[in-house]
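Have a look at the structure below, then the notes.
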Amino acid sequence: MAENTKLPAQADKLNGLFVRGVVMSSTAKAHKRKDGTGVFVIVRHELALQPGLAVWEAFHDPKDGKVKLDGENVITFPKLPEFQQVTLKVLRWEERDKRLIIKEAQMEA
C-alpha cells in the first residue's frame, strides 16, 4: 500500500512570520551610494498593527523602472493603497527603537 508523502501546496505558504496590518502611509527617499556609483531609493510603508506600528523598507534601483527620479527627488514609486489591509510574509526583519522594521517581504494574496 503506497502512502501519500506529498503535502498540500498550501502547507508551504503557512511557514514563516506573517504580518497583517493596515497601510498608513508610503514615502520614498533617494540616497547616494557610498561608493559613488549612483543612487538608490528606499520606499517606506508604515503599517498599523494591533498594537503598534511596523515599517516595511523596500529598496529599489532607478534602473529597474519601478521608480522615477528628477535629480535626487523621487517623482514616482510603487505605493500601497492607503487604509487597505495587507498581509506580508516577512523574510528579513530587525527591531529598531522598539519598532518592527521589515527589511524584505513578499505580499500575500
Side-chain angles (χ1 to χ4, degrees):
M1 197 168 179
E3 290 185 28
N4 187 3
T5 59
K6 190 173 181 180
L7 295 174
Q10 187 178 13
D12 294 335
K13 292 183 181 181
L14 298 178
N15 293 333
L17 175 64
F18 289 84
V19 172
R20 181 178 290 152
V22 176
V23 179
M24 299 307 294
S25 68
S26 295
T27 58
K29 192 171 185 182
H31 297 278
K32 291 183 181 179
R33 295 185 190 273
K34 289 182 181 179
D35 60 1
T37 59
V39 296
F40 65 95
V41 176
I42 299 176
V43 179
R44 289 186 173 97
H45 306 285
E46 290 187 346
L47 306 173
L49 306 177
Q50 184 62 33
L53 184 77
V55 177
W56 177 20
E57 294 181 341
F59 293 83
H60 296 284
D61 190 356
K63 296 174 187 171
D64 67 7
K66 294 182 180 178
V67 296
K68 291 184 182 177
L69 297 174
D70 180 22
E72 289 188 18
N73 298 325
V74 181
I75 304 298
T76 60
F77 60 95
K79 294 182 182 181
L80 295 176
E82 290 187 355
F83 307 113
Q84 297 293 320
Q85 184 172 340
V86 295
T87 302
L88 301 175
K89 181 176 182 179
V90 178
L91 303 173
R92 288 184 11 197
W93 63 277
E94 70 180 30
E95 185 178 345
R96 191 182 314 144
D97 297 328
K98 297 185 179 181
R99 182 181 294 175
L100 176 65
I101 308 295
I102 301 168
K103 294 296 203 174
E104 186 177 354
Q106 296 173 348
M107 290 278 292
E108 294 293 319

Checklist entry - Are Val86 and Val43 co-members of a hydrophobic cluster defined by side-chain heavy atoms under 4.5 Å apart? => result no
Item to check | Side-chain heavy-atom pair Leu69, Val74 within 4.5 angstrom cut-off | outcome: yes
Checklist entry - Between atom CD of Glu108 and atom OG1 of Thr87, what is the distance when rounded to the nearest 0.5 Å? => result 7.5 Å
Item to check | CA sep, side-chain torsions, deciding dist, call: Met24, Phe83, side chain to side chain contact (heavy atoms under 4.5 Å, CB included) | outcome: CA-CA 6 Å; Met24 299 307 294; Phe83 307 113; 3.9 Å; yes
Checklist entry - Who passes side chain to side chain donor-acceptor pair (under 3.5 Å) against Thr27, sequence neighbours left out? => result none
Show the atom names and distances, to 0.1 Å, of all donor-acceptor pairs under 3.5 Å that link a side chain in residues 48-68 to residues at least two apart or in another chain.
residue: Glu57; atom: OE1; partner: Lys103; partner atom: NZ; Å: 3.0
residue: Glu57; atom: OE2; partner: Arg44; partner atom: NE; Å: 3.2
residue: Asp64; atom: OD1; partner: Lys66; partner atom: N; Å: 3.0

Checklist entry - Of the non-hydrogen atoms in Lys32 and Phe40, which two are nearest, and what is the gap between them? => result O-CE2, 4.0 Å
Checklist entry - Any link between Ile101 and Leu47 through a network of hydrophobic side chains (Ile, Leu, Val, Met, Phe, Trp, Tyr) touching at under 4.5 Å? => result no
Checklist outcome for this item: Val23 and Pro81 have their tightest heavy-atom pair at CB-O, 3.5 Å
Checklist entry - Roughly how far apart are Gln106 CD and Leu88 CG, rounded to 0.5 Å? => result 10.0 Å
Checklist entry - Do Val90 and Met107 belong to the same hydrophobic cluster, where Ile, Leu, Val, Met, Phe, Trp and Tyr are linked whenever their side-chain heavy atoms lie under 4.5 Å apart, directly or via other members? => result yes
Checklist entry - Excluding sequence neighbours, so at least two apart, what forms salt bridge (Lys or Arg N to Asp or Glu O under 4.0 Å) with Glu94? => result Arg96
Item to check | Asp35 atom CG, over 12 foreign heavy atoms within 6.0 Å | outcome: yes
Next on the checklist: Measuring from atom CD of Glu46 to atom CD of Glu82, what distance do you get when rounded to the nearest 0.5 angstrom?
Outcome noted: 10.0 Å
Checklist entry - Of all heavy-atom pairs between Ala30 and Glu72, which one has the smallest distance, and what is that distance? => result CB-O, 3.4 Å
Next on the checklist: Would you say Ile42 ends up clustered with Trp93 if hydrophobic residues are merged whenever their side chains have heavy atoms under 4.5 Å apart, either directly or through other cluster members?
Outcome noted: no
